[in-house]
Amino acid sequence: MTDTTTDDHAAIEAQRRKAAVQARRLKTLDSIFELRAFIALGVLIVIFSLMSGSFLTTDNMITMTKHVAINAVLALGMLLVILKGGIDLSVGSSVGLSGVIAGELLKGVHIGSFVAYPQVWAVVILCMAMGTLVGLVNGFLVTRMNVAPFIATLGMMYVARGAALLISDGTTFPNLAGDPRTHNTGFGWIGSGRPLGLPVAVWIMIVLAAVVAVVLRSTPYGRWLYATGGNERAAELTGVPVQRVKMTVYMISGACAALSGIIIASELTSAAPQAGESFELNAIAAVVIGGAALTGGRGNVRGTLVGAFVIGFLADGLVIVGVSTFWQTFIKGAVIIVAVILDQSQQRFKKRGVAASAAAVTVEPAGDEPVRVASKA
Amino acid sequence: MTSAAGGEAPVAPVLRAVEVTKVYGGTHALKGVSLDIAPGRVTVLFGENGAGKSTLMKILSAVESPTTGLIELDDRVVRFGSARDAADSGISIIHQELSLCANLSIQDNLFLGRERTRRGILVDAAAQRDLARKVLQRLDGTIDAATPVGELRLGQQQLVEIARALLQNARVLIMDEPTSALSAPEVDVLFKVIRELTAQGVAVVYISHHLEEALEIADDVAVLRDGSMVATARAEDVDLAWVVRTMVGREQDGLFPSRETDAGAVALETVELSVADPANPDRLAVDSISLSVRAGETVGIYGLMGSGRTELLECLAGRIPVAAGKVYLHGSPVTGSVRSRIRAGLALVPEDRQRDGLVQTMSVGQNLSLAALSGFVRRLVVDRGAERSAVASMIGDVTVKTSGPEAPIGSLSGGNQQKVVIGKMLMTGPRVLLLDEPSRGVDVGAKADVFALMARQAERGLAVLFTTSEAEEALHIPDRLLVLVRGRLVADLRAGEVTRDRLMSLADGAESTEKAHDD
């Protein structure tokens with residue numbers, strides 16, 4: 001019906017060729033961007049090594065990795081919450097609360113006239129139980145009370161911090177070494193021990209990362225989590241126990257926060273109720289730099305770990321080369337923003353790449369030329 | 001319908017699409033489509049769900065840009081940056097989902113984003129009110145421009161959308177399913193307005209599922225099938241049978257499988273089941289319905305939008321609670337979560353697969369295995385090998401066309417996505433399969449596949465209960481047909497026992513609602 005001119009044909013053919021070229025270019029860009037966090041980490045290491053001879057030494061690497069571990073443990077818990085499409089702002093406060101509980105337990109628990117001294121393993125378990133409880137409240141507020149995750153965990157951030165300050169009366173527990181007479185020594189080993197040459201904190205990070213990676217990749221729970229974050233309604237109608245998944249991610253995140261709090265308290269052999277302030281933001285930053293989507297359903301352990309390393313190495317590296325703390329804060333912010341912009345571009349490349357490669361293909365219409373029904377008149 | 005008879009269109013087209021291709025993900029929604037739109041005439045686009053009508057409309061109105069191909073306005077190639085640019089050039093679209101702010105008044109909506117101002121700062125409310133009154137007068141004298149849009153009936157809201165287009169001096173007005181939610185008198189008003197617009201030289205492009213109605217308003221007819229323009233004609237030269245034949249591309253009979261019914265024991269039964277409307281808890285969406293479905297039987301529920309069909313199925317699946325009454329599965333009462341019902345063998349394929357059926361961030365394979373994942377667990381982790389082979393065989397069973405289980409779900413066409421949702425629920429080994437509008441947004445070929453699939457499941461002894469708002473489907477597919485009107489069951493009919501006209505009058509509520517009790 002339409003009189004298509006030769007000009008039109010040429011223009012359309014040119015569009016098609018352009019699409020083919022574009023598809024190839026976008027694919028290359030996509031694969032480069034996929035590795036952006038690794039590339040950023042490599043760039044950081046190269047820059048800091050050039051600026052300071054003490055950066056790329058084994059000792060410094062291990063020290064920095066130990067710092068990374070504290071954030072990485074938080075970030076692995078945060079990853080689960082973010083995969084669900086939520087957020088957990090209470091983890092920093094749980095870090096402080098966990099240390100304070102550890103201090104209180106190691107000091108001895110008065111039950112009437114009797115004083116109980118729980119052993120270190122029991123202290124660790126009780127602290128993590130406390131963290132899980134904070135997560136349970138978060139999960140309850142989100143799943144049963146329909147409070148938005150941001151608000152629920154913001155509230156619990158203050159509640160947990162307040163609890164830490166109340167329990168400790170605002171003061172720091174100065175000595176967590178325990179006493180040989182009460183058989184509760186050894187808490188400091190978590191922070192200072194080095195089995196097989198690596199700090200305990202680093203081992204904890206490695207084991208936790210491995211466990212979370214397996215859970216996410218190979219268990220129904222992991223798949224349910226991705227599905228819940230990707231499309232909660234569809235997941236629910238498919239028979240995924242959505243409420244249970246949502247509840248548990250907050251509990252796991254709380255337990256991870258408590259574990260992180262134990263590591264910090266043990267390293268310092270003291271527990272301050274203010275410990276862990278704004279740690280939640282570092283954890284979120286690590287997850288986001290690692291390519292997870294705050295809308296849920298997309299992200300992985302590898303990215304989150306690299307994100308934690310980028311944040312940690314950046315902070316320590318800036319100290320080593322003597323950049324002022326004000327600039328450190330500024331630069332960290334800029335890195336987070338750039339990371340998210342790069343992530344957005346990658347998602348765009350992906351979509352456009354698929355579309356462009358499909359557009360480059362000439363498709364056969366269903367019929368031949370459209371039938372023109374002859375007029376009866 | 002028009003005085004112009006025979007030959008080519010007497011006037012030059014105002015808007016042309018030239019070999020337009022549109023690709024979504026990996027799917028070609030349009031494959032080199034060309035179309036001329038003449039001023040002062042109504043061009044109706046026909047096509048099944050997924051044929052590419054809406055996509056073409058979106059491209060004509062610059063809501064989307066074509067992947068390849070050209071748009072010409074007044075014989076000049078145009079490239080609009082946005083729908084707003086197109087509207088400024090006189091091409092307006094009225095979407096199926098209206099884009100009005102319910103909290104604002106009609107006049108505020110009419111000028112939204114294009115406010116008349118005094119010295120560029122303050123909104124000139126008086127000028128807006130006058131203009132709004134004038135344009136509303138042209139359409140329907142009875143509406144007050146100060147009324148909040150939220151208080152208007154849907155038909156009136158549609159007129160507000162048209163008024164907005166007129167205020168933008170629209171020369172081409174594109175309407176996507178304008179009558180889908182209108183009452184018959186409202187349709188009459190709309191058609192009168194359309195006729196007045198074309199008399200003033202406005203070109204109207206119109207899509208509707210109501211074929212007869214659309215043919216009544218049409219001057220020119222264009223038929224899309226599977227993303228290609230398969231035929232164009234003048235409305236006076238064609239009839240409804242031609243439209244259906246051209247849309248479907250074959251005789252309608254091939255679409256529906258025929259088979260022998262061999263119904264077994266009652267698998268699913270409801271006794272006086274009532275369900276509250278989730279959007280409005282004071283209203284009953286489903287009003288004391290008693291029905292039963294036997295193993296090996298396919299039962300259809302014919303009901304229009306708002307009839308309670310979706311609420312009924314979602315309640316059976318455990319997504320929304322029972323208000324009163326009982327549900328029995330194989331004789332024992334059913335309660336509990338969606339998950340526990342799936343385990344008991346009751347699975348739902350929801351109506352809106354984008355919203356309720358698929359996880360867009362996951363692959364084809366991951367979507368397929370999601371419901372049955374627990375079954376693949378060996379020593380706490382998912383046995384990938386078992387999962388892969390089950391997914392592969394299900395892809396074959398439900399005939400999903402995909403480059404592989406790793407392909408993103410978004411790269412599939414609507415019909416194939418629907419097959420994935422059905423396959424996903426079949427993997428749980430259900431004994432009762434509920435499908436809510438299984439043919440919605442599915443192209444013709446896939447539609448036949450879906451019906452064949454349902455028939456096959458019934459032959460395997462599943463009880464199949466599905467809803468439809470397409471009379472043809474309701475008449476041809478099920479062994480037994482239930483008619484649902486405003487939450488009540490008005491008829492329980494054997495296959496072949498009912499005609500199209502009877503069905504239509506039943507669904508309109510014209511016949512007594514006591515019918516169900518007479519049976």
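Naming convention: chains lettered A, B, ... in sequence-line order (proteins, then strands); numbering from 1 in each chain.
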Check your understanding: Run the side chain to side chain contact (heavy atoms under 4.5 Å, CB included) check on A:Leu237 and B:Arg319 step by step: do they pass?
Key -> CA-CA 7 Å; A:Leu237 275 176; B:Arg319 192 194 154 77; 3.8 Å; yes
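- Contacts of B:Gln354 with chain A are made by backbone atoms alone, with heavy-atom separations under 4.5 Å and no side-chain atom involved.
- Summarising the geometry, atom OG belonging to A:Ser218 is positioned 14.0 Å from atom CZ belonging to B:Arg378; distances are rounded to the nearest 0.5 Å.
- Interface summary for chain B: among A:Ala234, A:Gly229, A:Ala293, the most heavy-atom pairs under 4.5 angstrom belong to A:Ala234.
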Under the side chain to side chain contact (heavy atoms under 4.5 Å, CB included) rule, what do A:Tyr226 and B:Val359 come out as? Steps first, then yes or no, please.
CA-CA 9 Å; A:Tyr226 279 105; B:Val359 181; over 6 Å; no
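- Here B:Leu358 is the residue among B:Val223, B:Leu358, B:Leu348 with the most heavy-atom pairs under 4.5 Å with chain A.
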- Message: Pair A:Val214, B:Val381 - check side chain to side chain contact (heavy atoms under 4.5 Å, CB included), show working.
- Response: CA-CA 8 Å; A:Val214 169; B:Val381 298; 4.2 Å; yes
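- A salt bridge is defined here as a Lys NZ or Arg NE, NH1 or NH2 lying under 4.0 Å from an Asp or Glu carboxylate O, and A:Glu232 with B:Arg355 fails to meet this definition.
- Between the OG atom in B:Ser374 and the CZ atom in A:Arg223 there is a gap of 11.0 Å [rounded to 0.5 Å].
- For the pair A:Val240/B:Arg339, no side-chain contact is recorded, criterion being any heavy-atom separation below 4.5 Å from C-beta on.
- For B:Arg341, no part lies near chain A; criterion is any non-hydrogen pair under 4.5 Å.
- Heavy atoms of B:Leu380 lying under 4.5 Å from chain A belong exclusively to its backbone.
- Contact annotation for B:Ser340: neither backbone nor side-chain heavy atoms come within less than 4.5 Å of a heavy atom of chain A.
- Distance check, rounded to the nearest 0.5 Å: CG of A:Asn231 to CG of B:Asp356 gives 7.0 Å.
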**Q.** Chi angles and distances behind the side chain to side chain contact (heavy atoms under 4.5 Å, CB included) call for A:Arg298, B:Met362
**A.** CA-CA 9 Å; A:Arg298 182 163 59 82; B:Met362 295 171 92; over 6 Å; no
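- Contact count versus chain A (heavy atoms, under 4.5 Å) is highest, among B:Arg384, B:Glu314, B:Arg353, B:Met425, for B:Arg384.
- Surrounding CZ of A:Arg233 are more than 12 heavy atoms belonging to other residues, nucleotides or ligands, all under 6.0 Å away.
- For chain A, the option among B:Lys22, B:Gln366, B:Gln360 with the highest count of heavy-atom pairs below 4.5 Å is B:Gln366.
- Put simply, of A:Gly222, A:Gly296, A:Gly230, A:Ala235, the one with the most heavy-atom pairs under 4.5 Å next to chain B is A:Gly230.
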